[in-house]
Amino acid sequence: MVALDIDGTILKWVEGSGTTHEEVSPAVKDAVRRVLDAGAHVVLASGRSPHGMAPIADLLELHAPDRERLWVVASNGAVVFRYPPLEVVHEETFDARPAVEAVLARHPEALVAVEERGVGYRVNSHFPDGELSGDMILTDVDDLLAAEVSRVIIRDPNSTADEFVALAGELGLHGTNYVVGWTAWLDLAPVGVSKASGLEHVARHLGLTGADALAVGDGRNDLEMFAWAHRSVAMGQAIEQVIAAADDLTGSVYEDGLATELQRWFPGPGDVA
């Protein structure tokens, strides 16, 4: 099994004509396809919601009529789905209200989002453009937290990632797992849920274990995945905490680091394994 983070691992952000867009390089696309052609399982594992991940599988052309449906780990492990078509086969939910209220007490201007599957997100206020996939539906916080959810995003454009790391440590967030992103972005999930738990669910169905897995990523939400997989590789632009947790380091996403790592194990014509 080859478990791949998406943003900063498969996808890079490229600026052009005054805007930025997501791009997968031909080298990365070819390398991922060689993994499939060799008979290994490619499992996308991301903090993205399911509807934000399916288009990446399309972009990579990971599915075909003669192949098994893909396994995909979404929402930092809280949701596992098969594709295509998109079919949720496993989901973990929790009561996020205590954790969200604790964060909002310290950051009352923070933005809160809960996935509205197949549509986008319900939010208490609009997030910056490009940060959430799909539509944003304005909703009161009380209504956002009225039922159990699989994941909550909290974002404060006026804070920093370091401030959110400190905040999460101070609050403890009992009964909740959390991941802090590059910016002041906090992902809340049920305790024990991570990319690793989602991948473990997939591995059991495939008759595999973490001992059969290669994992590549670049973020704090990849740390559990790195500990679970037999081989873990950090992208070159990752922060030091992530690099230190990995077994090895490859080039950055702008240097096609994923392609470099996959070429070692799944060489193409003319490559030396």
Side-chain angles (χ1 to χ4, degrees), residues 1-7 9-11 22 24 28-94 114-121 132-135 147-153 177 179 187 189-190 192-217 219 221-222 224-225 228-230 258 262 266:
M1 176 194 292
V2 175
L4 301 177
D5 171 53
I6 291 178
D7 296 283
T9 300
I10 293 173
L11 288 182
E22 298 168 331
V24 178
V28 166
K29 184 174 180 179
D30 289 347
V32 174
R33 292 292 300 277
R34 286 200 302 272
V35 177
L36 288 174
D37 292 342
H41 297 275
V42 172
V43 182
L44 302 180
S46 173
R48 289 184 177 220
S49 62
H51 69 268
M53 296 183 71
I56 308 306
D58 296 340
L59 187 63
L60 290 168
E61 300 178 9
L62 294 182
H63 49 82
D66 59 339
R67 287 198 176 113
E68 264 191 77
R69 294 165 69 203
L70 297 173
W71 289 89
V72 185
V73 175
S75 305
N76 284 324
V79 178
V80 177
F81 69 94
R82 304 295 302 274
Y83 183 75
L86 198 160
E87 175 195 7
V88 173
V89 295
H90 180 74
E91 182 172 17
E92 301 274 3
T93 61
F94 73 119
V114 172
E115 181 191 351
E116 184 73 9
R117 186 167 299 144
V119 178
Y121 289 86
L132 297 177
S133 58
D135 296 333
E148 290 199 343
V149 297
S150 57
R151 175 196 181 204
V152 173
I153 300 167
N177 266 7
V179 172
D187 263 308
V193 170
S194 67
K195 289 186 183 183
S197 67
L199 289 167
E200 177 66 25
H201 181 88
V202 174
R204 285 199 303 269
H205 280 270
L206 296 175
L208 304 172
T209 69
D212 304 299
L214 161 66
V216 187
N221 61 341
D222 295 315
E224 294 89 351
M225 177 174 78
W228 175 81
H230 175 71
L258 175 58
L262 295 181
F266 305 94

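In what follows, every heavy atom counts, from backbone to side chain, and hydrogens, waters and symmetry copies are set aside. Just so it is clear, the structure is predicted and the values come from calculations on it, not from any experiment.
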Intermediate values then yes/no, side chain to side chain donor-acceptor pair (under 3.5 Å), E224 and S194: CA-CA 7 Å; E224 294 89 351; S194 67; 4.7 Å; no
CA sep, side-chain torsions, deciding dist, call: R151, E115, salt bridge (Lys or Arg N to Asp or Glu O under 4.0 Å): CA-CA 7 Å; R151 175 196 181 204; E115 181 191 351; over 6 Å; no
Working for side chain to side chain contact (heavy atoms under 4.5 Å, CB included), residues L86 and V72: CA-CA 10 Å; L86 198 160; V72 185; over 6 Å; no
Audit row: L36, R67, side chain to side chain contact (heavy atoms under 4.5 Å, CB included) steps and yes/no: CA-CA 9 Å; L36 288 174; R67 287 198 176 113; 3.9 Å; yes
Derivation and outcome, salt bridge (Lys or Arg N to Asp or Glu O under 4.0 Å), residues K195 and E200: CA-CA 9 Å; K195 289 186 183 183; E200 177 66 25; over 6 Å; no
CA sep, side-chain torsions, deciding dist, call: V80, E91, side chain to side chain contact (heavy atoms under 4.5 Å, CB included): CA-CA 6 Å; V80 177; E91 182 172 17; over 6 Å; no
Side chain to side chain contact (heavy atoms under 4.5 Å, CB included) between L62 and V42, worked out: CA-CA 8 Å; L62 294 182; V42 172; 4.2 Å; yes
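In this structure, the separation between CD1 on I6 and CD1 on I56 is 5.5 Å, given to the nearest 0.5 Å. Summarising the geometry, atom CG belonging to D222 is positioned 8.5 Å from atom OG belonging to S46; distances are rounded to the nearest 0.5 Å. For the atom pair CZ (F266) and CG (L214), the distance works out to 7.0 Å, reported to the nearest 0.5 Å. Put simply, CZ on R34 and NZ on K29 are 13.5 Å apart, with the number rounded to the nearest 0.5 Å. Atom CZ of F81 is separated from atom CD of E87 by 11.0 Å, given to the nearest 0.5 angstrom. The distance from the CG atom of L59 to the CE atom of M53 is 13.0 Å, given to the nearest 0.5 Å.
The shortest heavy-atom contact between S150 and A78 is O-CB, 3.3 Å. Listed here is the closest heavy atom pair of S133 and G52: OG-CA, 3.7 Å. Counting all heavy atoms, side chain and backbone alike, H230 lies closest to A211 at CB-O, 3.3 Å. The two residues L60 and R33 come nearest to each other via the heavy atoms O-CD, 3.4 Å. Between A57 and L70, the shortest heavy-atom contact is CB-CD1, 3.7 Å. Residues W71 and V43 approach most closely at O-CG1, 3.5 Å, considering heavy atoms.
D58 places a side-chain heavy atom less than 4.5 Å from the side chain of Y83. Counting only heavy atoms from C-beta outward, the side chains of Y121 and S49 approach each other to under 4.5 Å. Side-chain contact between L11 and V24 is present, with at least one heavy-atom pair separated by less than 4.5 Å. Between V32 and L258, some side-chain heavy-atom pair lies under the 4.5 Å cut-off. Side-chain contact between L44 and V73 is absent, with no heavy-atom pair separated by less than 4.5 Å. Under the 4.5 Å side-chain criterion, counting only non-hydrogen atoms from C-beta, H63 is not in contact with E68. V114 is listed as a side-chain neighbour of V152, based on a closest heavy-atom distance under 4.5 Å.
Applying the side-chain hydrogen bond (donor to acceptor under 3.5 Å, both in side chains) criterion to D135, with sequence neighbours excluded, gives no partner residue.
In this structure, H205 and H201 have tilted ring planes: the angle between them lies in the 30° to 60° band.
Here R48 does not pair with D5 in a salt bridge; the nearest charged N to carboxylate O distance is not below 4.0 Å.
R82 places a side-chain N or O within 3.5 Å of a backbone atom of R69 that can act as its donor or acceptor partner.
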